[in-house]
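Worksheet: the structure to be examined is printed underneath.
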Amino acid sequence: MTKGNSTKITDELYAYMLAHNPPLDAVQRDLVETTYARLPDHAGMQSAEEQGPLLAFLVRLVNARHVVEVGTFTGFSALAMAQALPADGKLIACDISEEWTAYGKEAWAKAGVADRIDLRIAPALDTLRAMPAEPHIDFAYLDADKGNYIAYWEELVPRLRTGGLIAADNVLFHGQVVDPEAGGSAAGIRAFNEHVAGDGRMESVMLTVADGLTLSRKR
């Protein structure tokens, strides 16, 4: 049996990978750099650079028109997904911070996609529960408070159309998920990972992208 973790991701190899992915455009790059400059204590919450092109790729892959993002922060991932939507597509962005999402709103306007993003400042569970109950979501990106991941999942899955995708971020949680004694957010992610693995409504794969990314398709 061949071990799949024999290639270690050094800084040099990581830079090589980024150089062979679609580059960030000027607005995306500026938003990433602004986030690190102005919010250094929180910038780790931003989706990894390689996830922007990946999310855009997935949105196009499923021909998404209706996207939901749970956890927007400063708006990098929302920007990448909105740019991949058709002109009549819509992304509902769920967050609770007017301060952090203000950076995103500025970038979305600069990129000409502000009309595709419906930012809803409220607890995400309230926003999700207010959505139509029937399957209508094409793609969802989950990157919010880890203790509520299962609750978000249970609101998203019934509303996801057959063949639609959910991408859940941070499923390795800095490596802490292998510790059965882990608490807090790591424990929440451990529980979420088990929940997803046992959900027969979906077919799921866990990938070692950034801090771990699970892709789940509605059967």
Using a strict 4.0 Å threshold on nitrogen-to-oxygen distance, state whether Arg129 and Glu154 make a salt bridge. no

Does the pair Glu99/Arg38 count as a salt bridge with the N-to-O cut at 4.0 Å? no

Looking only at non-hydrogen atoms, find the nearest pair between Ala144 and Tyr149 and report the distance. O-CE1, 3.4 Å

I'd like to check the side chain to side chain contact (heavy atoms under 4.5 Å, CB included) partners of Ala167; sequence neighbours left out, ordered by chain and number. Leu55, Phe139, Tyr141, Leu213, Leu215

Donor-acceptor contact present, side-chain Lys218 to main-chain Leu165, <3.5 Å: no

With clusters defined by side-chain heavy atoms of hydrophobic residues (ILVMFWY) lying less than 4.5 Å apart, directly or transitively, does Val209 cluster with Val62? yes

Heavy-atom neighbours of Lys105 NZ exceed 12 at 6.0 Å: no

Are Leu58 and Ile92 linked, directly or through other ILVMFWY residues, by side chains that come within less than 4.5 angstrom of each other? no

Reported CD1-to-CE distance for the pair Ile9 and Met17, which is rounded to 0.5 angstrom: 7.0 Å

Pick out which of Leu156, Leu128, Val157 makes a side chain to side chain contact (heavy atoms under 4.5 Å, CB included) with Ile137. Leu156

Derivation and outcome, side-chain contact (heavy atoms from CB on, under 4.5 Å), residues Val59 and Gln83: CA-CA 10 Å; Val59 167; Gln83 289 174 310; over 6 Å; no

Any side-chain heavy atom of Pro86 within less than 4.5 Å of one from Asn63? no

Does atom OH (Tyr14) have a neighbourhood of more than 12 heavy atoms from anything else shown, all under 6.0 Å? yes

How long is the gap from CG on Leu160 to CE on Met202, to the nearest 0.5 Å? 5.0 Å

Tell me whether Tyr152 contacts the main-chain N or O of Asp145 through its side chain, where contact means a donor paired with an acceptor under 3.5 Å. no

What's the shortest heavy-atom distance between Ala122 and Thr127, and which atoms? CB-OG1, 3.9 Å

Treat each ILVMFWY residue as a node, draw an edge where side-chain heavy atoms are under 4.5 Å apart, and state whether Val196 and Leu207 are in one component. no

Out of curiosity, Thr74 OG1 to Leu31 CG, how far, rounded to the nearest 0.5 Å? 4.5 Å

Establish whether Phe73 and Ile117 are linked, either directly or via other cluster members, by ILVMFWY side-chain heavy-atom contacts under 4.5 Å. yes

Do NZ/NE/NH1/NH2 and the carboxylate oxygens of Glu134 and Arg159 come within less than 4.0 Å? no

Kindly compute the distance separating NE2 (His174) from CG (Leu172), expressed to the nearest 0.5 Å. 10.0 Å

What I want to find out is whether Lys146 reaches Asp143 closely enough, with some N-O distance under 4.0 Å, to be called a salt bridge. yes

Determine the minimum heavy-atom distance between Ala56 and Ala84, stating which atoms define it. O-CB, 3.5 Å

Are Asn5 and Lys8 packed together at the side-chain level, in the sense that at least one heavy-atom pair is separated by less than 4.5 angstrom? yes

Could you check whether any side-chain N or O of Trp108 sits under 3.5 Å from a backbone N or O of Asp115, counting only pairs where one atom can act as donor and the other as acceptor? no

May I ask you to decide whether Asp88 forms a salt bridge with Arg65, counting only side-chain N to carboxylate O separations under 4.0 Å? yes

Are Leu54 and Leu142 co-members of a hydrophobic cluster defined by side-chain heavy atoms under 4.5 Å apart? no

Surrounding CD1 of Ile96 (heavy atoms of other residues, nucleotides or ligands, distance under 6.0 Å), is the total greater than 12? no

Indicate every side-chain donor-acceptor pair of residues 181-193 with a distance under 3.5 Å to a residue at least two apart or in another chain.
residue : atom : partner : partner atom : Å
Arg190  : NH1  : Val177  : O            : 2.5
Asn193  : ND2  : Val171  : O            : 2.9
Asn193  : ND2  : Ile189  : O            : 3.4

Are the side chain of Glu106 and the backbone of Tyr103 linked by a donor-acceptor contact shorter than 3.5 Å? no

Would you tell me whether Gln28 and Glu49 have side-chain atoms, one donor and one acceptor, within less than 3.5 Å of each other? no

Just one of Leu79, Val27, Leu91 clears the side chain to side chain contact (heavy atoms under 4.5 Å, CB included) bar with Val113, so which one? Leu79

Tell me whether Tyr36 at atom OH has more than 12 heavy atoms from other residues, nucleotides or ligands lying less than 6.0 Å away. yes

Can you tell me how far apart CD1 (Ile121) and OG (Ser97) are? Round to the nearest 0.5 Å. 7.0 Å

Criterion side-chain contact (heavy atoms from CB on, under 4.5 Å) on Met131 and Val68, from CA distance to verdict: CA-CA 11 Å; Met131 292 180 183; Val68 175; 3.8 Å; yes

Minimum heavy-atom distance Trp153-Ser216, with the two atoms named: CH2-OG, 3.4 Å

Where do Leu85 and Ala64 come nearest, in terms of heavy atoms and distance? CD2-O, 3.2 Å

Any side-chain donor-acceptor pair under 3.5 Å between Ser77 and Glu69? yes

Which heavy-atom pair separates Gly71 from Asp95 by the least distance, and what is that distance? C-OD2, 3.8 Å

Backbone of Ala48 reached by a side-chain donor or acceptor of Gln51 within 3.5 Å: yes

Let me see the working for Thr72 and Thr101 under side-chain hydrogen bond (donor to acceptor under 3.5 Å, both in side chains), right down to the final yes or no. CA-CA 7 Å; Thr72 296; Thr101 56; over 6 Å; no

So CZ of Arg116 and NZ of Lys90: to nearest 0.5 Å the spacing works out to 10.0 Å

